[in-house]
Amino acid sequence: MSDSKELGVEVGSVENALQAQASVQIDKVTRLEVRFEAPGVESKRLYANGRMQVKVWVFVEAQDADGNAVSLPYFPDLVSARLIEYHTGKPLQQDVYTGRPLQGWNSSHVENKYSHEVPGWGLSSLVSDRLSAFRQAPLVFWVSSSVVGQTQVAVEVTVQGKVYRTNNTTNPGGTKINNSVVLHAEKKATYAVEQFRWESEPLKVGDAFNTFSLYHLGLYLGSRQVELFSWESARYNPDNRYPIEFCRVRPNSLAWAIKYFTGVLPSATQKSVRVNLPGGQYDIEVHKRSGELSLVNGFSSRLGGNFQTRNEVFPFTVIDEYGNDHALSVEIDERNLKFNLRRG
């Protein structure tokens, strides 16, 4: 799953829009509004994790000197818009999410993959207005925050060189527009390690000498699943490349027939991972359960060659569907040939 979703709104032909704009002079802006999709909603919540986004709509309408409505093409060289902080007029940062949490309050035109609603708030049941009901399609912004707190968001647009704002300051023509929305960024949700489901599944792959199991990691709050989207670790991974072989052990175990014990963490996007055991390579299917991630555990009754032992606690971070990250770790139990999940 990619971090960003493709933009789904077509504004029309750039050439036609340029021609239309060149032939018309705008006399005044007749509508400048910032709002959420659901009518009547003036505030929304989000997690302050730098990933979760809230959709904000901006409507801009204008007319010429004869009172005719002007179709405003939304291109940066003709009409530009940005979200601003209501009280200071300072623009929100305008970075694009590329997999790392965005800093501060941020406004992007690109939607990422995470859920846009804090669970349990009830807004998902509200009916959003249909875009077809509007004379002009809105500009769409996606707002995120990495800081806990509240901000009041207005909009600033520049139309043919004239700047209009909705933070109750004086606009061209002496008018004022007082229109904004409020966003509450709250501390990210955290969970006890017991709320993460950690299950081992023996696999019917391998041979007489090499066998495998799959560890599934999920997050469940009672009967409700919180989907896990990705995980990452810097341990044994200076170049941020996956998979990571985090365990290599010649066990001193009661299971005396096992001479080599390994663990492999694939990337969250891999469908299968290649695992090396003495005498062979095996492609193992991973992430088979919806909303869960999985890692591979391999056993061999053959002695491995010379290798550097890796038997320390392996820390990693898992990111859920709301963009919240959770620090966990795998404890390697050499005696019982298993992996235990711990808080990171």
Side-chain angles (χ1 to χ4, degrees), residues 4-22 24 26-44 46 52-64 69-86 89-97 102 104-112 116-117 123 128-145 151-169 171-172 175 177-183:
S4 297
K5 298 180 179 178
E6 294 184 1
L7 297 177
V9 177
E10 284 193 15
V11 183
S13 166
V14 176
E15 183 178 350
N16 291 341
L18 288 169
Q19 292 174 351
Q21 183 70 17
V24 174
I26 295 173
D27 179 61
K28 62 181 177 180
V29 171
T30 55
R31 181 188 181 190
L32 182 56
E33 180 185 6
V34 56
R35 54 164 285 189
F36 299 122
E37 283 183 282
V41 175
E42 297 180 352
S43 67
K44 294 189 78 170
L46 70 160
M52 188 178 199
Q53 298 173 316
V54 170
K55 182 191 286 189
V56 175
W57 277 354
V58 170
F59 289 90
V60 189
E61 297 177 5
Q63 66 183 30
D64 61 19
V70 178
S71 178
L72 292 176
Y74 294 134
F75 298 99
D77 55 337
L78 302 177
V79 178
S80 63
R82 60 184 182 179
L83 298 183
I84 60 174
E85 203 280 324
Y86 180 88
K90 182 179 178 181
L92 274 62
Q93 298 180 70
Q94 300 181 67
D95 301 320
V96 175
Y97 181 78
L102 298 177
W105 285 96
N106 216 289
S107 168
S108 173
H109 291 290
V110 181
E111 178 186 11
N112 67 29
H116 307 310
E117 298 287 351
L123 282 183
S128 298
D129 282 338
R130 296 175 60 88
L131 285 176
S132 60
F134 301 112
R135 183 166 55 189
Q136 295 209 340
L139 296 169
V140 179
F141 294 88
W142 296 95
V143 180
S144 63
S145 177
T151 193
Q152 189 170 352
V153 176
V155 65
E156 173 189 289
V157 299
T158 302
V159 182
Q160 290 186 334
K162 296 180 180 180
V163 179
Y164 299 81
R165 300 181 181 89
T166 67
N167 63 342
N168 207 31
T169 55
N171 290 315
T175 62
I177 304 172
N178 188 15
N179 176 250
S180 61
V181 293
V182 176
L183 293 167

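Position 1 is the first residue of the sequence, and the numbers go up from there. No hydrogens, no waters, no symmetry mates; every other heavy atom, side chains included, goes into these values.
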Notebook entry, point to check: Got Glu33 and Thr166 here, is their nearest side-chain heavy-atom distance under 4.5 Å?
Noted result: no
Note to self: Donor-acceptor pair, distance only, cut-off 3.5 Å: does the side chain of Gln53 make one with the backbone of Asn112?
What the structure shows: yes
Item checked: Nearest-0.5 Å distance, CE of residue Met52 to OG of residue Ser144 -> 11.0 Å
Next item on the list: Supply the atom-to-atom distance Gln94 CD to Leu102 CG, rounded to the nearest 0.5 angstrom.
Entry: 12.0 Å
Notebook entry, point to check: Considering only heavy atoms from C-beta outward, does the side chain of Phe36 approach that of Val56 to under 4.5 Å?
Noted result: yes
Note to self: Just verifying a value: how many Å separate Asp95 CG and Asn106 CG, rounded to the nearest 0.5 Å?
What the structure shows: 4.5 Å
Checklist line | Ser108 (side chain) donor-acceptor with Trp142 (main chain) under 3.5 angstrom | finding: no
Item checked: Atom pair CZ (Arg165) and OG1 (Thr158), whose distance is rounded to the nearest 0.5 Å -> 8.0 Å
Next item on the list: Decide whether Gln152 and Ser180 meet the rule of one side-chain donor and one side-chain acceptor closer than 3.5 Å.
Entry: yes
Next item on the list: Measure the CD1-NZ distance between Ile84 and Lys90 for me, rounded to the nearest 0.5 Å.
Entry: 12.5 Å
Next item on the list: Any chance you could lay out the side chain to side chain contact (heavy atoms under 4.5 Å, CB included) test for Val70 and Asp27, step after step, and finish with the verdict?
Entry: CA-CA 9 Å; Val70 178; Asp27 179 61; over 6 Å; no
Next item on the list: In sequence, state the C-alpha distance, the side-chain angles, and the governing distance for Phe59 and Leu32, and then conclude on side chain to side chain contact (heavy atoms under 4.5 Å, CB included).
Entry: CA-CA 6 Å; Phe59 289 90; Leu32 182 56; over 6 Å; no
Notebook entry, point to check: Is there a side-chain contact between His116 and Glu111 (heavy atoms, below 4.5 Å)?
Noted result: yes
Check: Among Asn178, Asn167, Thr169, whose side-chain hydrogen bond (donor to acceptor under 3.5 Å, both in side chains) with Tyr86 holds?
Finding: Asn178
Check: Which heavy atom in Ser107 sits nearest to a heavy atom in Leu92, and how many Å separate them?
Finding: CB-CB, 4.0 Å
Check: Can you find a heavy atom in the side chain of Thr175 that is under 4.5 Å from one in the side chain of Val29?
Finding: no
Item checked: Ionic contact status for Glu156 with Arg82, cut-off 4.0 Å -> yes
Item checked: Phe141 side, atom CZ; Lys55 side, atom NZ - distance, nearest 0.5 Å -> 13.0 Å
Item checked: Val110 side chain reached by Tyr97 side chain, heavy atoms, under 4.5 Å -> no
Margin query: Less than 4.5 Å apart, side chain to side chain, heavy atoms only: is that true for Val153 and Leu183?
Written below: yes
Checklist line | Nearest atoms (heavy-atom pairs only) where Val34 meets Ala154 | finding: CG1-CA, 4.2 Å
